[in-house]
Number of protein chains: 2
Amino acid sequence: MEHVLIEPNPPRPERADAARNRMRILEAAARLFAERDPNQVTMDEIARAAGVGRGTLYRRYPDRAAIAAALLDEHERAIQEELLRGAPPLGPGAPPADRLAAFYGAMVKLLEQHAHLVLGTEVGRSRFVTGAYGFWRIHVRTLLVAAQVPDPDRLLDILLAPISPDVYLQQRVNLNYSPERITGALSYLARQITAAPTVEPEP
Amino acid sequence: MEHVLIEPNPPRPERADAARNRMRILEAAARLFAERDPNQVTMDEIARAAGVGRGTLYRRYPDRAAIAAALLDEHERAIQEELLRGAPPLGPGAPPADRLAAFYGAMVKLLEQHAHLVLGTEVGRSRFVTGAYGFWRIHVRTLLVAAQVPDPDRLLDILLAPISPDVYLQQRVNLNYSPERITGALSYLARQITAAPTVEPEP
DNA sequence: AGCTTAAGCGGACACGAAGTCCACTTAAAA
DNA sequence: TTTTAAGTGGACTTCGTGTCCGCTTAAGCT
């Protein structure tokens, strides 16, 4: 007996018109998201801007968040690649404190360009279930372990909280802080958190 | 010439039926918010649960956020009072590191009881424009100044980010961390951030 | 007590967005 | 060319929001 088929559902290649429409949708959505608060952009608008029917849009993307996630995907992948195999201090080789600071720097750069999009991906509590969030989490964990921070797990979500899109926009837009200033603050946080503990942990 | 009237609009006392309905609304909303995700509770539901018409509800509260804010108000006031005039380490008198840790502890306690409500107050980016947020901000600033942290302002929103309701619920519900563990992590953060800087600031 | 007035009330209504459904079209394999 | 099913698009249903306006009633005045 021979297993010719291993994949449970052999994925048919995408049809030509489907691919064309997918591109149209992504382009139209990118444009709309850029010029306005993504959460105010309606699915209908995106469909019309893409020259596509509602049904077509919903076929692939169940909501705005899915579209924003698709648009964000490549940028996030690029950073993930650099974290794993790029040059220090972002990639391996530098001390944990420097790498953590560099990670924050990369996230600020990402947010500076695409904060709208990241905000657009947030539907309810969705941020934490994204694949990307899990990746950042693991990365930070590795760095904290390397820095010998006690009980690193409890700190992960706390350290990722400041790079949520709304906190970033609060600092950037409402308070008019420069990206450099925010990066500086996060570097400070990175160094202080990876420094030797000031008090002994409970016995 | 004598100023008899200083207040520009002498506020008439609330009418009896109005007061009664306000209480009904608050009670009904508290119940609904407690048993379900506040953002899924509709204004119409609240009105019906309170035995009140839609118009009556909208007269006082323009949206869910306003109701949640009203419900939260007293609790937040209580904490603010303690921060200003309570016993150390929450109130004045203790070292800044301890006070910051105590502040985090108080916020965890608040979130533990009313995370739903705090979540309910969030409509769009509203969190940062609340009066309470401004208060926490000033308080933390005072502590950082006392601890001689360099350029404290840049750190304020970063240090408040971990006590946003969604980050708290992510740790508490999704990850099943105990409140004590979260408090512990935040205490660690408080101590490390107020400790002497590990590297010199830029010249 | 009766009268007056405006705050308060509540339900009907208009509007807009979400999401579904299904008959038609068309790419691509046979 | 025929076949087939993926793909399309727009009409339709459902649901929540917020407003509007005629009626009710608390409370001040005489």
Side-chain angles (χ1 to χ4, degrees), chain A residues 4-5 7-29 32-33 35-70 119-126, chain B residues 5 7-29 32-33 35-70 119-124 126:
Chain A
V4 180
L5 219 56
E7 289 291 329
N9 42 350
R12 288 230 187 176
E14 192 179 43
R15 237 170 71 170
D17 52 350
R20 179 172 47 82
N21 280 337
R22 189 162 47 74
M23 251 189 27
R24 280 189 187 173
I25 290 172
L26 255 30
E27 277 169 16
L32 289 172
F33 286 169
E35 67 195 24
R36 198 136 44 84
D37 174 11
N39 292 314
Q40 306 290 345
V41 177
T42 76
M43 291 296 266
D44 190 86
E45 254 180 319
I46 298 174
R48 267 188 289 108
V52 149
R54 283 179 76 63
T56 305
L57 180 55
Y58 274 101
R59 156 173 289 265
R60 248 186 289 283
Y61 303 108
D63 51 27
R64 263 191 311 282
I67 304 177
L119 208 55
T121 59
E122 301 208 4
V123 168
R125 305 297 122 241
S126 63
Chain B
L5 217 55
E7 290 290 329
N9 42 349
R12 290 228 185 176
E14 192 179 41
R15 239 171 71 171
D17 51 350
R20 180 173 45 80
N21 280 335
R22 190 162 47 75
M23 252 190 24
R24 280 190 187 173
I25 290 172
L26 255 29
E27 278 169 15
L32 289 173
F33 286 169
E35 68 195 22
R36 200 136 44 84
D37 175 11
N39 291 314
Q40 307 290 345
V41 177
T42 75
M43 291 294 267
D44 189 88
E45 256 179 317
I46 298 174
R48 266 188 289 113
V52 148
R54 286 179 73 60
T56 307
L57 179 56
Y58 274 102
R59 156 172 292 264
R60 247 186 291 282
Y61 303 107
D63 51 29
R64 264 191 310 284
I67 304 177
L119 208 55
T121 58
E122 302 208 4
V123 168
S126 61

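No hydrogens, no waters, no symmetry mates; every other heavy atom, side chains included, goes into these values. Quick caveat: nothing in here was measured; it's all calculated off a predicted structure. Order of the sequence lines fixes the chain letters, A, B, ..., with proteins taken first and strands second; residue numbering starts at 1 for each chain.
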May I have the distance from B:R48 (atom CZ) to D:dC15 (atom P), rounded to whole angstrom? 12 Å

Looking only at heavy atoms, which two atoms of A:N21 and A:R60 are closest? And how far apart? CB-NH2, 4.1 Å

Check the phosphate of C:dG10 against B:T56, side-chain N and O only, distance under 4.0 Å to OP1 or OP2. Yes or no? yes

What is the distance from CG of B:D44 to P of C:dG10, rounded to the nearest Å? 13 Å

Looking at every strand, decide which applies to A:T42 at a 4.0 Å heavy-atom threshold: base, sugar-phosphate, or nothing. sugar-phosphate

To the nearest 0.5 Å, tell me how far B:E27 CD sits from B:I46 CD1. 13.5 Å

Whichever of B:R54 and B:A18 has the more 5' nearest nucleotide on DNA chain C, that residue is B:A18

Using the closest heavy atom to pick a nucleotide of DNA chain D for each, name whichever of A:A19 or B:G55 lands nearer the 5' end. A:A19

Between the side-chain atoms of A:R59 and the base atoms of D:dA6, is any donor-acceptor pair under 3.5 Å? no

Please evaluate the base of D:dA6 for a donor-acceptor partner in the side chain of A:R15 within a cut-off of under 3.5 Å? yes

Specify the separation, in whole Å, of atom CD1 of B:I46 and atom C1' of D:dT17. 13 Å

For the pair made of CZ in A:R20 and P in C:dT26, what is the distance, rounded to whole Å? 10 Å

Are the side chain of B:R64 and the backbone of B:P38 linked by a donor-acceptor contact shorter than 3.5 Å? yes

Grab the two heavy atoms, one from B:M43 and one from B:D63, that are nearest each other, plus how far apart they are. CE-CA, 3.7 Å

Looking at D:dT17, D:dT8, D:dA26, which one has an atom nearest to any side-chain atom of A:D17? D:dT8

Considering all heavy atoms, the nearest A:L57-A:V52 contact: N-CG1, 4.0 Å

Return the value, rounded to whole Å, for the distance between atom CZ of A:R60 and atom P of D:dG9. 10 Å

Between P on D:dG18 and CG on B:D63, what's the gap in Å once rounded to a whole number? 7 Å

Once you round it to whole Å, what is the distance between P of C:dT25 and CG of A:N21? 17 Å

Kindly say if B:R22 contacts the phosphate of C:dG8, meaning a side-chain N or O under 4.0 Å from OP1 or OP2. no

Find the distance B:Y61:OH to D:dG16:P and express it as a whole number of Å. 22 Å

